[in-house]
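So the structure is just underneath, and the comments pick up after that.
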Amino acid sequence: MSTPHTHILPNTHLFLRLPSDLLKLIEIKPNTIIDVGKLGSFPSNLLLGRPYYFTFEILDKVNNEAYSRLRVVTPSELNAEVVTEDATPSESRGDPGTPVGEAYDLVGEDGTVIMKNNRLTIDDASRQALSQQEIEELKKSAGGKEIIQKILAGHAALDEKTVFAKAKYTLRKTKKYLKRFTVLPMDLGNLIDYVIVKEAPRIMELREEGLGLMMAWGHAHYSGTDGMEEKTAEQAVGGGRWLVVDDTGGLVVAALAERMDLLFKHERQQDNAAQGNGVTATLNGANGISHHQGDEPDAEKREQRTDDNQEVSDTPVKPTSHLDFPIPARTNTVTLLHPAVQPNVSLLKYFGYDTNQPDPLNPLHTHLKPLSWLQLLHPEDDVTYREPEREPDNVLRNWKSGKRGTYWKKRRRWERCKAIVDETRQGGFDGLVIASNMDPASVLPHTVPLVRGGGHIVIYCPAPEPLVNVMDLYSKERRTAYITHLSKGETPDPVDFPVDPRLLLAPTMQTSRVREWQVLPGRTHPMMTSRGGPEGYIFTARRVVPLEGGVQAKGNFGGRKRKAAEAAGMEGDQVAVVAGAEEG
Amino acid sequence: MAADEPLEAPSKRPSPFFHSTPLTGPDSLAILHLKRDSLLPLTLRTTADEGYAEGAVTNTRFGSFPHSTLLGTEWGTQIRASKVDTGSRGRKGKQHKEPPKDQGERSGPSNAASKDSDSSKKRKADESSQIDDVPTSPAKKLKQPPQQNEQPLVPKAAVEAGSGFCHILPPTPEAWTSSLDHRTQVVYTPDYSYILQRLRARPGSTIIEAGAGSGSFTHAAARAVFNGYPSSSSTSTQHSGKVYSYEYHEPRVATLRQELHDHGLDSIVHLTHRDVCNKGFALDASTPPPRADAIFLDLPAPWLALKHLTRSTPSAPLNPSGPTHLCTFSPCIEQVTATVSFLRKNHWTEISMCEVQHKRIDVRRDRVGLKEEGLRGVNASAASVEEAIQRLRDVESKLSVYHENRAAAEEGGQQKKIQSKAERLEKIKREAEGRKMYKEGNLVQRTEPEVRTHTSYLVFAVLPRVWGEEDERRCAEAWPVEEVMGGEAENEDGKKA
């Protein structure tokens, strides 16, 4: 159906959320063992085909089996542990000090509330009757629930604790001894949660709220125009093409790709739709995904493909698509500018896109178009961009197949590179999205002119300073000065004006942070602690086409007495753009 | 018009929100960017019956813009305001509209008519166009009926006014949101961008939105799920993204329905006039149920609507084969408590609550110093200890000069010149013209004066799919574990040990 995460498919990456709330990233393969550290290990086949967002409990080994089996913990069982007496606003009465109901009661598998049962209470003067040694013994012999029961029972002072403290204590012990995990799908939110704990700088500490803002202001969306009667012929402007500078290991590319319907393969969804039921679909999948391997490319197919420029963008897979250097798609694409020889999009491998193991079924195979800064700015200096020598057919025919293969491969690599570079240099992009360690002030002069009029500019920076600098480069004072220079026929000094300040409209800087809350009856408040780190700032603007000559602003100029020229120059309600001609 | 009654057939044109043509064209939605946060949506027309000699005209506080100057230009172009006779059109009326003066001269904006040098005339034109004709509701503006029965008139060529301009931009959900008037509380970009991210809304998803309100979230959600127009892709097996939008306020439904139609979104958004708390989400018999992957509830009592969103009934509007993500948007903590309490009792998991704290940053250059005295937007106090000392010495020396002068005057001697304050300010002003103000002073940032400190609390939750014993049995057959376990394969009584 419409979601790629209906159930767990073989050979996909996914997350296990452990009781510690940490995420464990695994790639699930059939007939293997998944080891979750001290929680235990179990066969991967016990997860395959099952739905996401389920919580499983690792059971004790039985019958001389080598590994544990799993039990689904139902949502009602999970939630029952946070018993919430009804607390609708109208019904919450009683003195405010008394919490409504007890929380975190331990519930047995049959749903009975165990904490009410004091059968196991041990009368002992010491606070915890069980020694560490005894607990260790218990861990070997008993299940998690039983241990917790006994620990709680062994706590002599439990009754003296307030309800809140008791709840906290129980929760802590629950987390420690229950062997549970939740299966979460590989999506951007979970991936961010995972990376930001482990190696936040790898994604430039970009949080989910920041990514959401970037994508909204970048206006990233699917742009296939299939079905609309007039399919505009080859156009240099628009076509759903976004230009990206990404130093987040491919996170920003992945987010753009997701919104452009390029991140997830369609075959899976169609499988499901055809089967109607996710479970039956996996029956076919038991032997692993049958990869469609492109045939050994040959010359005829090449000719055939060069003239289907009008490739409809949402059919990513052509049977003739090449494994190594496919001809890039023309619409609904992400063009990635990278500083090294190869782009770093390592995070995309979690979504099944790996440049080392190209998969022609992956939409990114044809819709992600990487090029280096050298190729953009000085293509003639780049080896790949230089056309390899063309050999006549009769020569080729006499070559050994291996040599011929290499020849065609070189030709294909060049063709792909040339297509990408030439198209990029032509510009007309719908948007420019930057999340880079490079100074944006050095990126913008080369990239802003490549964006079409009305296009979107978005820059992310963990720290405010680089963006403050960009705001200053596009300030209205600087723009006014720039236009004054132009109207006098002077060339503005590139030191003072590294960018053309007229090209961006309404430059805006913003930041957003999500604050998590705890919601419990009578105990609702913001979390006591959360992650710090850089705020993360976002710069947005629209690319505009300035009028040649000058335009005078209009609006409320404050005091009526002020001279018109001065008002227009400095204090216009509308950003003033003064022209010498008009003043003269 | 009944609110549930669909308008004419769904628009066949691509939505201007998803597809912007190389140039602006007639009958397409455009956004006039007047200044920051002052955006005006309008539909570009070739004709209009408002009585302007120039044809369709949009008047703003930054000048009048005949649509002839806006059409056929590159998007993002800066457009000069034109002189439009707004005062006399009422008198002329529709019947005796001025005959077109110069047909041949009808020109694009690039070679708009020559400037009028008569300054008095210019001022008059400026004054008249000062009339603030920004409509109170963008919807109202959009509903300007196109000319119907009149014989086609060739509009007068627009004449440039001396001042005023705007930029013409293709529409986006962000621009639409910031141009909305407050029919209801608007879900702004910082919130909806995060919500859609958390709801895992993707091209092809199905979203239920209840409490459509002004349609801000509706537009953003439509962009998120859009993966082609359903009418055309009926042959393909691909599921097309859809927003099922519900609103119980009938006039709002009518307005939003018209807007969605005008925006070419009516095949993406299925709008229903319904009180979902009482009536649920089921559509009429002819329409298949929504099968939602994500739900957004902007309602006063979300828990009342949630009781219709369970997996227990076969006609439930949820996608049966995948997880359903939920977000509720409530301003008060009591609503949150009740919602979360309901969710916990009804099989939802991954329940969490948060708020989005967003602010915009003002960047400016702070100029401090005595040399700024008398200039605007500065702090004209001493910038450093040295400057303060210098100022004190100056005062001191002026005083002594003053006394010397007094003494000299008595003796009839030569008087020394003392710089007056007016002279000093004049000098500063003169010097200021040569200074590069745009790179002087400290570059500083601060939060913008107005901050939305609280929009609403966001409750998120996930409802996993139903998983019965039959499902588990089939799955266990498809993925047998006996071999891996290495134990006796006959232990087949399910997974409960």
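These figures come from a predicted structure and were not determined experimentally. First the proteins, then the strands, lettered A, B, ... as listed; each starts at 1.
With sequence neighbours left out, B:Thr172 forms a side-chain hydrogen bond (donor to acceptor under 3.5 Å, both in side chains) with no residue at all. Every residue two or more places apart in sequence or in another chain that forms a salt bridge (charged side-chain N to carboxylate O under 4.0 Å, His left out) with B:Arg365 is listed here: A:Asp472.
Interface check for chain B: of the options A:Glu465, A:Arg513, A:Met471, the most heavy-atom pairs under 4.5 Å are formed by A:Arg513. Counting heavy-atom pairs closer than 4.5 Å to chain B, the top-ranked of the candidates A:His219, A:Glu209, A:His456 is A:His219. Between chain A and the options B:Gln445, B:Arg36, B:His358, heavy-atom pairs under 4.5 Å are most frequent for B:His358. No other option in B:Pro480, B:Ala224, B:Ser352 has as many heavy-atom pairs under 4.5 Å with chain A as B:Pro480. With respect to chain A, the highest number of heavy-atom pairs below 4.5 Å among B:Glu74, B:Glu448, B:His347 belongs to B:His347. Per-residue counts of heavy-atom pairs under 4.5 Å with chain B were compared for A:Leu47, A:Asp187, A:Thr32; the largest is that of A:Asp187. Heavy-atom pairs under 4.5 Å with chain B peak, among A:Lys61, A:Met215, A:Glu516, at A:Glu516. Among A:Met260, A:Arg515, A:Arg17, the residue making the largest number of heavy-atom pairs under 4.5 Å with chain B is A:Arg515. Each of A:Arg259, A:Arg543, A:Arg542 has some count of heavy-atom pairs under 4.5 Å with chain B, and the biggest count is that of A:Arg542. Comparing B:Tyr192, B:Phe342, B:Trp348 by how many heavy-atom pairs each has under 4.5 Å with chain A, the most go to B:Trp348.
Heavy atoms of A:Ile33 lying under 4.5 Å from chain B belong exclusively to its side chain. With a 4.5 Å cut-off on non-hydrogen atoms, A:Pro185 does not touch chain B at all. For A:Leu467, no part sits under 4.5 Å from any heavy atom of chain B, backbone or side chain. When heavy atoms are compared at a cutoff of 4.5 Å, B:Gln357 approaches chain A by way of both its backbone and its side chain. Only the side chain of B:His167 comes within less than 4.5 Å of a heavy atom of chain A; its backbone N, CA, C and O stay farther away. If you measure heavy-atom distances from A:Tyr537 to chain B, the contacts under 4.5 Å come from the side chain alone. Residue contact with chain B, scored on non-hydrogen atoms closer than 4.5 Å, involves the backbone and the side chain of A:Tyr67 alike. Looking at A:Leu213, both its backbone and its side chain come within 4.5 Å of chain B, counting heavy atoms on both sides. When heavy atoms are compared at a cutoff of 4.5 Å, B:Tyr457 approaches chain A solely by way of its side chain, counted from C-beta outward. In this structure, chain B has a heavy atom under 4.5 Å from the side chain of A:Phe497, while its backbone stays farther away. Only the backbone of A:Ser68 comes within contact range of chain B, judged by heavy atoms closer than 4.5 Å. Only the backbone of B:Leu343 comes within contact range of chain A, judged by heavy atoms closer than 4.5 Å. Contacts between B:Glu355 and chain A at a heavy-atom distance below 4.5 Å involve backbone atoms as well as side-chain atoms. Only the backbone of B:Thr21 comes within less than 4.5 Å of a heavy atom of chain A; no side-chain atom from C-beta onward does. Contact annotation for A:Thr511: both backbone and side-chain heavy atoms come within less than 4.5 Å of a heavy atom of chain B. Residue contact with chain A, scored on non-hydrogen atoms closer than 4.5 Å, involves the side chain of B:Arg200 exclusively. For a residue to count as touching a neighbouring chain, one of its non-hydrogen atoms must lie under 4.5 Å from one of that chain's; by this rule A:Ala220 touches chain B with the backbone only. Both the backbone and the side chain of B:Val356 come within less than 4.5 Å of a heavy atom in chain A.
We find that B:Lys439 and A:Asp496 are joined by a salt bridge, their nearest charged nitrogen and carboxylate oxygen being less than 4.0 Å apart. A salt bridge does not link B:Glu440 to A:Arg478: none of the charged nitrogens lies less than 4.0 Å from a carboxylate oxygen. The existence of a salt bridge linking A:Arg71 and B:Glu472 is excluded, since no basic side-chain nitrogen approaches an acidic carboxylate oxygen closer than 4.0 Å. Using a 4.0 Å cut-off between charged side-chain N and carboxylate O, B:Arg198 and B:Glu350 make no salt bridge. Between B:Arg473 and B:Glu470 there is a salt bridge, since a side-chain N of the basic residue sits under 4.0 Å from a carboxylate O of the acidic one.
Although no hydrogens or angles enter the test, the distance criterion places a donor-acceptor pair under 3.5 Å between the side chain of B:Thr349 and the main chain of B:Val462. With hydrogens and angles disregarded, a donor-acceptor distance shorter than 3.5 Å links the side chain of A:Thr480 to the backbone of A:Lys476. Put simply, the side chain of B:Thr24 gets close to the backbone of B:Thr73: a donor and an acceptor are under 3.5 Å apart. No donor-acceptor distance shorter than 3.5 angstrom exists from the side chain of B:Arg465 to the backbone of A:Tyr52, with no hydrogens or angles considered.
At a cut-off of 3.5 Å, with distance as the only test, a side-chain donor of A:Arg452 or B:Ser20 sits close to an acceptor on the other residue. Between the side chains of B:Ser321 and A:Thr6, not a single donor N or O lies within less than 3.5 Å of an accepting N or O.
Side-chain contact check for B:Leu196 versus B:Ile207: some heavy-atom pair is nearer than 4.5 Å. Side-chain atoms of A:His7 and B:Asp471, non-hydrogen and from C-beta on, never get closer than 4.5 Å to each other.
For A:His5 and A:Tyr53, the ring centers are positioned 6.0 Å apart or more.
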